[in-house]
Amino acid sequence: MLLGDHPELRPKARTIVNIARKVIAEVNNLSLERQKAILETEYPHLAGETPKRGAKKEEELKLPPLPNAVKGKVRLRFAPNPDFLIHIGNARPAIVNDEYAKMYRGVHILRFEDTDPRTKRPMKEAYTLIKEDLKWLGVKWHEEYIQSLRMELFYNIARIMLEKGCAYVDTCGEEGKELLAKGSYCKTRDEPPETNLELFERMLSGEFGEGEAAVRIKTDPKHPNPSLRDWVALRIIDTERYPHPLTGSKYIVWPTYNFAVSVDDHHMKVTHVLRGKEHQLNTEKQLYVYRCMGWEPPVFIHFGRLKLEGFILSKSRIKELIEKNPGKFLGYDDPRFGLIASLRRRGVLPEAIREVILSVGIKPNDATISWANLASVNRRLLDRRADRIMFVWEPSRFIVKGVGGCIHAEIPYHPERPEKRAIKVCDGDRVLLNTFDAKGRIRLMGLANFEVKEEELVFTGRSLEEARRLSMPIVQWVKESEGIPVTVLEPEGLELKKVEGYAEKELSKYPIDSRLQFIRYGFVRVDSIGDGGEYTAILAHR
RNA sequence: GCCGCGGUCGUCUAGCCCGGCCCAGGAUGCGGGCCUUUCGAGCCCGUGACCCGGGUUCAAAUCCCGGCCGCGGCACCA
């Protein structure tokens with residue numbers, strides 16, 4: 001610091017270091033009190049608490065500035081494939097885009113990339129389900145597009161590129177691939193634009209079958225990376241056999257991902273593309289389109305892979321699991337998956353997901369979010385809003401004695417709020433306790449102190465102070481006659497543990513989707529309510 | 001195998017671009033304590049990391065080189 005301010009002292013650095021060492025040793029020899037005193041009298045401007053380094057001002061999660069971003073001019077896009085629901089890794093760019101759109105008063109575009117009706121067959125419901133997930137996540141978008149509805153645009157750009165001679169129609173089929181693998185190419189590459197243009201029209205007219213013709217972008221047939229050599233921009237898909245859920249068999253020539261993306265990103269005036277590093281090579285491919293067309297490419301940012309510890313994120317893995325294990329899962333949104341819908345069903349709040357995603361940021365290295373971390377954020381958020389309900393899960397029944405009539409328990413809905421509910425308990429009433437709690441002297445929360453004797457709960461007083469003094473365990477309880485049967489599902493890896501028990505009557509006031517804390521058990525979300533009033537809840541976390 | 005990108009506490013992250021305020025900060029986890037009519041929350045204390053090796057420099061987590069490890073890509077998928 002000193003040398004930075006006084007470069008002329010640099011040659012004498014060694015001497016300075018020695019002086020500094022001596023001074024430090026001297027100061028360290030003095031007592032702390034003495035040090036403070038000297039500091040305050042001789043250098044008052046330096047006294048006072050030193051602020052802790054790196055201490056963040058109250059959770060102000062901020063993303064780093066976007067390179068080349070101008071306020072009001074930023075345009076971002078979230079481009080999911082509607083072949084399935086989105087998972088937390090897919091949601092990352094959506095959340096990050098949303099954040100940047102807010103930061104720069106920019107535009108966020110939602111674009112469905114559904115240009116492969118054969119191997120990545122779009123799922124019709126997914127278009128809606130993805131939008132629901134985004135809304136739930138609080139991600140806003142201002143424009144919405146579906147690629148399969150923009151086919152003419154792709155055809156037109158393809159024509160222009162053929163005309164410019166930066167693309168050609170490979171009619172060599174399998175052989176075309178093999179030629180490129182060897183660094184050679186299909187003869188049509190050398191044909192004039194008119195010929196290729198004509199071939200393209202013949203492609204469109206249905207003259208070729210799958211694999212018989214494809215439009216390739218001219219790159220370099222000897223490029224060190226074979227996948228970059230004259231990559232395919234449009235190919236034929238037999239939509240009679242593989243109809244597209246939106247356009248049926250109307251089109252047989254389909255743009256590939258890289259072609260559709262380049263064309264759309266340009267036409268939608270996207271300024272910044274944020275995506276995973278699996279797209280790095282695609283970026284390189286796409287740049288050929290920009291160069292040929294003379295378009296200004298957007299800023300590309302690639303971030304690392306995201307994992308959620310203990311969860312399966314892969315869409316294809318999830319689909320496969322569901323198919324191969326009929327009856328094992330609760331649906332697409334089974335709480336054991338890493339899908340947004342799954343996390344929602346499990347009781348994770350959208351704010352928690354956003355907070356965690358933003359804390360991971362957009363760095364290029366991989367990140368594994370630990371469940372403990374997500375749960376902790378969620379718990380902090382949930383703690384303030386979740387009402388407290390008494391739930392007993394390894395129940396034993398006891399008869400209340402010695403009360404001398406009836407007493408009322410006052411149970412607060414939340415430890416930080418005054419509202420309470422009353423529960424009346426009289427001599428002879430049966431009460432359920434967790435079996436492992438029922439021993440010795442205990443206090444039934446909000447009610448009174450008892451001594452557990454065989455099958456009985458013998459009243460010993462109402463004093464909370466006494467319970468504290470004798471350090472009695474304070475336990476939750478349920479009046480048997482009013483108990484509501486509850487099954488709590490505890491997701492653990494690919495298992496789903498079932499915990500059966502009873503909750504107090506109050507639970508019946510809470511509808512599906514309520515998030516509650518079962519006292520001394522954990523945070524749950526009400527998943528369903530049976531015809532008989534029995535509840536099924538899912539454990540989010542303890 | 002080839003190409004690309006990374007490597008800071010167990011995990012996430014700040015710092016790295018612009019070398020000294022860093023014997024590396026925060027969060028979470030873990031251990032302990034306080035508080036609390038919950039085994040939740042809150043508060044306090046503790047634990048714990050610059051992948052390795054060279055080089056440049058008075059000084060390197062930060063710059064350079066090499067190695068190791070991890071991830072990604074290598075489709076007429078997105």
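Everything quoted here is computed from the prediction, not taken from an experiment. Numbered from 1 within each chain, the chains take letters A, B, ... in sequence-line order.
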Spacing of A:Ile474 atom CD1 relative to B:A41 atom C1', expressed in whole Å: 16 Å

From the list B:C12, B:A14, B:U38, which nucleotide is the closest neighbour of the side chain of A:Ser359? B:C12

From A:Leu129, A:Leu339, A:Asn90, residue fulfilling side-chain contact (heavy atoms from CB on, under 4.5 Å) relative to A:Phe84: A:Leu339

A:Tyr155 vs A:Tyr251 aromatic rings, parallel, tilted or perpendicular, using cut-offs 30° and 60°? perpendicular

Salt bridge (Lys or Arg N to Asp or Glu O under 4.0 Å) for A:Glu351 and A:Arg385? Distances and angles first, verdict last. CA-CA 13 Å; A:Glu351 297 92 322; A:Arg385 13 185 153 162; 3.1 Å; yes

For nucleotides B:G15 and B:C22, find the distance between their P atoms and express it as a whole number of Å. 15 Å

Gap between atoms CZ and P, on A:Arg229 and B:C3 respectively (whole Å): 13 Å

What's the closest nucleotide to the A:Ala372 side chain, out of B:U13, B:G29, B:U38? B:G29

Using Watson-Crick geometry (N1-N3 plus N6-O4 or O6-N4) or G-U wobble (N1-O2, O6-N3), each under 3.5 Å, B:G25 is paired with B:U13

P gap between B:A14 and B:C63, integer Å: 15 Å

Categorize A:Phe523 for me: base, sugar-phosphate, or nothing, with a 4.0 angstrom heavy-atom threshold over every strand shown. sugar-phosphate

Which residue is it: A:Ile217, A:Val263, A:Asn258? I am looking for the one with a side-chain contact (heavy atoms from CB on, under 4.5 Å) to A:Gln286. A:Asn258

Pairing check on B:C30: which nucleotide meets the Watson-Crick or G-U wobble criteria with it, both distances under 3.5 Å? B:G46

Assign A:Gly446 to base, sugar-phosphate, or nothing according to its heavy-atom contacts below 4.0 angstrom with the strands shown. base

Can you tell me the Watson-Crick or wobble partner of B:C18, both distances under 3.5 angstrom? none

Separation between CG (A:Asp170) and CZ (A:Arg235), nearest 0.5 Å, reads 14.5 Å

Whole angstrom value for the distance that separates P of B:U36 from CD of A:Gln476: 20 Å

A:Arg77/A:Asp264 under salt bridge (Lys or Arg N to Asp or Glu O under 4.0 Å): CA gap, chis, key distance, verdict: CA-CA 10 Å; A:Arg77 47 73 160 184; A:Asp264 267 350; over 6 Å; no

Quick check: A:Phe436 with A:Trp393 (ring centres under 6.0 Å apart)? yes

For atom P, what is the distance between B:U13 and B:U8, given to the nearest Å? 8 Å

Identify whether the distance between the nearest side-chain nitrogen and carboxylate oxygen of A:Glu490 and A:Arg542 falls below 4.0 Å. yes

Taking atom P in both B:C52 and B:C69, what distance in whole Å separates the two? 15 Å

For B:A41, does either OP1 or OP2 sit under 4.0 Å from a side-chain N or O belonging to A:Arg379? yes

Searching all strands shown, indicate the nucleotide that pairs with B:G40 (Watson-Crick or G-U wobble; both distances under 3.5 Å). none

Identity of whatever pairs with B:C5 - Watson-Crick or G-U, under 3.5 angstrom: B:G70

Counting only Watson-Crick or G-U wobble pairs whose two distances fall under 3.5 Å, which nucleotide matches B:U62? none

By the 4.0 Å heavy-atom rule, please label A:Asp437 as base, sugar-phosphate, or nothing. base

What nucleotide among B:G7, B:A14, B:U28 has an atom nearest to a side-chain atom of A:Asn373? B:U28

Pairwise C1' distance, B:G6 and B:G42 [rounded to whole Å]: 38 Å

Does A:Leu464 or A:Ser376 map to a spot on RNA chain B nearer the 5' end, using the closest nucleotide for each? A:Ser376

Pairwise C1' distance for B:G4 and B:G10, with rounding to whole Å: 29 Å

Expressed as a whole number of angstroms, how long is the span from A:Ile88:CD1 to B:U11:P? 18 Å

Mind checking A:Phe436 for me? I need base, sugar-phosphate or nothing, with any heavy atom below 4.0 Å counting as a touch. base

For a quick check, with a 4.0 angstrom heavy-atom cut-off, what is the B/S/- contact string for nucleotides 69-78 of chain B, read 5' to 3'? --BSSS-BBB

What is the distance, rounded to the nearest whole Å, between atom CG of A:Leu382 and atom C1' of B:G40? 10 Å

Just the rounded figure in Å: distance from P of B:U38 to CG of A:Asn434. 15 Å

Interatomic distance at P, B:G55 relative to B:A61, whole Å: 15 Å

Would you call the rings of A:Phe518 and A:Tyr521 parallel, tilted or perpendicular, taking 30° and 60° as the class edges? tilted

Measure the distance from OH on A:Tyr413 to P on B:U38 and round it to the nearest whole Å. 18 Å

Report the distance from atom CD1 of A:Ile389 to atom P of B:G40, rounded to the nearest whole Å. 19 Å

Parallel, tilted or perpendicular, judged at 30° and 60°: which one describes the rings of A:Phe459 and A:Phe450? perpendicular

Given the P atoms of B:C64 and B:C5, what is the spacing between them in whole Å? 13 Å

